[in-house]
Amino acid sequence: MSRGRLLSLGALAVVFVGAGVMHFVRPEPFEKIVPPALPAKRALVYWSGVAEILGGLGLLFRRTRKAAGGGLVALLAAVFPANVYMATAAERFAAMAPAWALWARLPLQPLLMFWVWATAVRERS
């Protein structure tokens, strides 16, 4: 495995495990961004935190890397509506970030999805 890919996997693991842990340490900010139509906000936050932790750890092992990467791509797609909700209801999240930043981060989600896919899921020769 190339050094670049190894560093990329490590960085992704740190990002996802770190974010997942924060779902348990400080769940309230994550609950606030769950769209109002969804029930059981705390449970959704905890389950997504578990998925991030397991996915991040799964990236570190060859046998689980593809499944973990695919799961993280799916998780990123599943939580994208929360980012859209934040951007479209920016006044509710003014204390977290300015409206322009909430809109600017929307294209970053697909880029993160691509990074995970390219690093962990895509076939290597």
Side-chain angles (χ1 to χ4, degrees):
M1 174 180 322
S2 74
R3 183 169 187 209
R5 184 168 182 230
L6 188 60
L7 289 172
S8 191
L9 286 167
L12 285 168
V14 167
V15 166
F16 282 104
V17 172
V21 167
M22 290 307 297
H23 282 66
F24 295 94
V25 174
R26 294 207 48 227
E28 297 82 10
F30 295 99
E31 287 178 41
K32 289 178 184 174
I33 69 171
V34 174
L38 296 177
K41 292 177 184 346
R42 178 69 56 107
L44 290 172
V45 167
Y46 284 162
W47 280 111
S48 62
V50 167
E52 285 184 311
I53 292 167
L54 292 177
L57 292 174
L59 294 176
L60 299 175
F61 303 96
R62 185 183 50 79
R63 291 180 65 190
T64 57
R65 187 168 297 135
K66 264 191 184 185
L72 288 170
V73 169
L75 177 66
L76 288 166
V79 301
F80 189 70
N83 294 342
V84 172
Y85 168 60
M86 286 183 75
T88 58
E91 67 282 351
R92 293 183 183 191
F93 304 102
M96 295 173 115
W100 68 265
L102 298 175
W103 284 101
R105 72 182 249 186
L106 290 178
L108 297 179
Q109 192 96 358
L111 290 175
L112 182 56
M113 293 167 77
F114 177 77
W115 181 20
V116 171
W117 175 81
T119 302
V121 180
R122 183 177 60 171
E123 285 291 330
R124 302 274 191 233
S125 51

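In this chain, numbering begins with 1 at the start of the sequence shown.
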Under the rule for side-chain contact (heavy atoms from CB on, under 4.5 Å), what residues qualify as partners of [X], not counting sequence neighbours?
| X | value |
| --- | --- |
| A82 | I33, P35 |
| I53 | V21, F24, L57 |
| V14 | none |
| T88 | V84, W103 |

Practice item. If you link ILVMFWY side chains whenever their heavy atoms are less than 4.5 Å apart, which other residues fall into the same cluster as L111? By chain and number, please. Key: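 Answer for L111: L108.
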Review point. Quick one: hydrophobic cluster around W100, which other residues, with the 4.5 Å side-chain cut-off, linked directly or via members?
Key: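 Besides W100, the cluster holds no residue at all.
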Within [range] or reaching into it, pairs that qualify as side chain to side chain donor-acceptor pair (under 3.5 Å) - sequence neighbours excluded:
| range | value |
| --- | --- |
| residues 6-21 | S8-W115, S8-T119 |
| residues 25-34 | E31-R42 |
| residues 11-20 | none |

Practice item. Please identify each residue that fulfils ring-ring contact (aromatic ring centres under 6.0 Å, His included) with F80, with sequence neighbours left out. Key: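 So F80 forms no ring-ring contact (aromatic ring centres under 6.0 Å, His included) with any residue.
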Practice item. Using the salt bridge (Lys or Arg N to Asp or Glu O under 4.0 Å) rule, collect all pairs that involve residues 88-111, keeping only residues at least two apart or in two chains. Key: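 For residues 88-111: none.
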Check your understanding: Considering residues at least two apart in sequence or located in another chain, which fulfil the side chain to side chain donor-acceptor pair (under 3.5 Å) criterion with S48?
Key ->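 Applying side chain to side chain donor-acceptor pair (under 3.5 Å) to S48 gives H23.
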Exercise for review: Kindly compute the distance separating CZ (R65) from CG (L60), expressed to the nearest 0.5 Å.
Suggested key: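 The distance works out to 7.5 Å.
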